[in-house]
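Only one structure is covered here, and it is reproduced in the block below.
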Amino acid sequence: MTHLAPASKLPAIGTTIFSVMTALANEHRALNMAQGFPDFTCHPELKKLVSHYINTDFNQYAPMPGALKLREAIAQKTEKLYAASYHPETEITITAGATQAIFTAITALVKRGDEVIVIEPAYDCYVPAIELNGGIPVFVQLSHPSYSIPWNEIESMLNPKTRMIILNSPGNPGTSVLGEEDIAKLKAIVEKSDLFILSDEVYEHIIFDDHQHLSLARFPMLRERSIIVSSFGKTYHTTGWKLGYCLAPEYLMKEFRKVHQFNVFAVNHPMQLALADFMEKEEHYLSLGKFYQEKRDLFVSLLQGSRFTILPAHGSYFQLLGYQNISDESDVVFSRKLTIENKIASIPTSVFYQDQTDHQVLRFCFAKSPETLEKAASILHRI
């Protein structure tokens, strides 16, 4: 029956690298520093709250845009952090994680033939969503090893077909953050174009070294053009819950919800209510930068004296390590070798580039316990 096999809509896309490397780590019993998830539990109070709402029978559909109580909590938080007012009824939607939010935003706004500027290295869900909707990804590379944005190059790409630019700060895997100069250059581009912005801000609270998260919500001109995506999973150590949210002005959110209602409709009800209660204690997210900076600093200190080159990490919970002093193998080959032979899994960063640009850099997740970080460093010192 192979003659009935459908023509693939994504012929160049295979299984995501995160699934591939996690499966390889499991097969070879390697320490999994590849996929971005913590190896520690979420706060016990949050688990109690979920249990409470399950046991009090909030087990049927939530409202399509999300539980109003949670949307109101997000509105209050956004107002306090970014001096930005989003109406909980019409401008905030709860999603089944950030990936669904990104897919829905692209589906809502990108039409066949539209061009979308994708800044590489880019999280791997962006391009498939663009292509499935008939859009054309246009690629620009961050400057290695600083991972700064070449705004002049982006400006030169603008044309009447440019529909959207996707930004990610703090970056994954680039680990850089937007600065005031970036915002100024983005504003200049927006002033002379009709493009929309999809701003992936899932690591908004995981930012280091006295940097400030410059959410696009802070800037009225940019806010009016932007769909902003965030993640409860990254903030509260609950990646398996797959809960996130979107902020957008009403005219964009109206289009977003048209798609959202048919690809998800509504997401986990008791967990939404639990998160709304948990958000009342602001320290749970305000302390996150310090929490992860201590982990980054521990991991970096443990790696001192190894043969790896430690690249700057200003945000997210990933550390990039160069291995130019160790091997001239490709990052895909070297990462597999480390997983199979040295029992530590990482992500090769070339997979985040359309043309597989290889800077001989691997990504390691440091959202781990001190014991895991010590074990990882010990392995890396022996390489």
Side-chain angles (χ1 to χ4, degrees), residues 16-22 24-25 30-37 118-127 139-150 153 168-178 200 203 206-209 292 295-368 373 376-377 379-383:
T16 174
I17 189 65
F18 307 109
S19 296
V20 169
M21 294 308 295
T22 290
L24 192 66
L31 188 64
N32 190 353
M33 304 288 283
Q35 197 168 0
F37 61 85
V118 178
I119 301 172
E120 298 181 308
Y123 189 60
D124 67 351
C125 78
Y126 301 160
V127 171
F139 300 97
V140 58
Q141 290 190 11
L142 295 173
S143 301
H144 175 80
S146 67
Y147 295 98
S148 58
I149 299 175
E153 185 176 346
N168 175 211
S169 179
N172 171 27
T175 73
S176 58
V177 298
L178 290 175
D200 180 350
Y203 297 100
I206 307 176
I207 196 162
F208 316 132
D209 306 319
Y292 275 117
K295 291 186 176 296
R296 181 207 63 176
D297 291 349
L298 172 61
F299 191 42
V300 167
S301 69
L302 291 169
L303 290 171
Q304 295 300 324
S306 75
R307 298 170 67 196
F308 287 90
T309 301
I310 301 168
L311 278 67
H314 297 305
S316 81
Y317 48 49
F318 302 106
Q319 178 63 56
L320 300 182
L321 299 179
Y323 62 88
Q324 296 86 349
N325 298 327
I326 302 171
S327 172
D328 58 4
E329 295 171 301
S330 74
D331 61 358
V332 172
V333 170
F334 191 62
S335 64
R336 286 185 57 86
K337 180 177 178 180
L338 292 190
T339 306
I340 296 168
E341 298 180 11
N342 300 95
K343 308 303 181 186
I344 185 167
S346 59
I347 295 290
T349 58
S350 67
V351 301
F352 298 106
Y353 294 87
Q354 182 71 10
D355 64 358
Q356 302 288 294
T357 297
D358 189 352
H359 293 118
Q360 294 189 301
V361 172
L362 303 179
R363 193 199 77 170
F364 293 81
C365 176
F366 59 76
K368 309 297 179 184
L373 296 177
I379 295 171
L380 294 173
H381 267 280
R382 296 196 296 269
I383 295 168

Parallel, tilted or perpendicular: ring planes of His144 versus His359, cut at 30 and 60 degrees: parallel

Ile17 vs Pro348 side-chain heavy atoms within contact, under 4.5 Å: yes

Closest non-hydrogen atom pair between Val361 and Thr349, with its separation: O-OG1, 2.9 Å

Heavy-atom pair of closest approach, residues Val332 and Ser350: CG2-OG, 3.7 Å

From Leu298 atom CG to Leu373 atom CG, the distance as rounded to the nearest 0.5 Å: 5.5 Å

Phe299 CZ to Gln319 CD distance, which is reported to the nearest 0.5 Å: 7.0 Å

Donor-acceptor under 3.5 Å (Gln360 side chain, Ser327 main chain): yes

Separation between CG of Leu380 and CG of Leu338, rounded to the nearest 0.5 Å: 7.5 Å

Side chain to side chain, Met21 and Asn32, heavy atoms closer than 4.5 Å: no

Contact summary for Thr175 and Ser316, nearest pair of heavy atoms: CG2-OG, 3.7 Å

Parallel, tilted or perpendicular: rings of Phe308 and Phe334 (30°, 60°): tilted

Side chain to side chain, Tyr147 and Leu311, heavy atoms closer than 4.5 Å: yes

Stepwise side chain to side chain donor-acceptor pair (under 3.5 Å) test for Ser330 and Asp358: CA-CA 7 Å; Ser330 74; Asp358 189 352; 4.6 Å; no

Interatomic distance, Phe366 atom CZ to Leu302 atom CG [nearest 0.5 angstrom]: 12.5 Å

Interatomic distance, Asp331 atom CG to Arg363 atom CZ [nearest 0.5 angstrom]: 12.5 Å

Intermediate values then yes/no, side-chain contact (heavy atoms from CB on, under 4.5 Å), Asn168 and Tyr126: CA-CA 11 Å; Asn168 175 211; Tyr126 301 160; 3.6 Å; yes

Distance-minimising heavy-atom pair for Ser346 and Ser335: OG-CB, 3.9 Å

Under 3.5 Å donor-acceptor, Glu120 side chain and Phe139 backbone: no

Spacing of CG belonging to Leu320 relative to CG belonging to Leu362, to within rounding of 0.5 Å: 9.0 Å

Distance-only side-chain donor-acceptor flag, Gln141 / Thr357, under 3.5 Å: yes

Set of residues satisfying salt bridge (Lys or Arg N to Asp or Glu O under 4.0 Å) with respect to Lys343, sequence neighbours excluded: none

Ring centre gap for Tyr317 and Tyr203 strictly below 6.0 Å: yes

Ring centre gap for Tyr123 and Phe18 strictly below 6.0 Å: yes

Heavy-atom closest contact (Ala345 atom, Thr339 atom, distance): CA-OG1, 3.5 Å

Closest heavy-atom pair and its distance - Cys365, Ala34: CB-O, 4.4 Å

Results of salt bridge (Lys or Arg N to Asp or Glu O under 4.0 Å) for Arg296 - residues two or more places apart only: Asp209

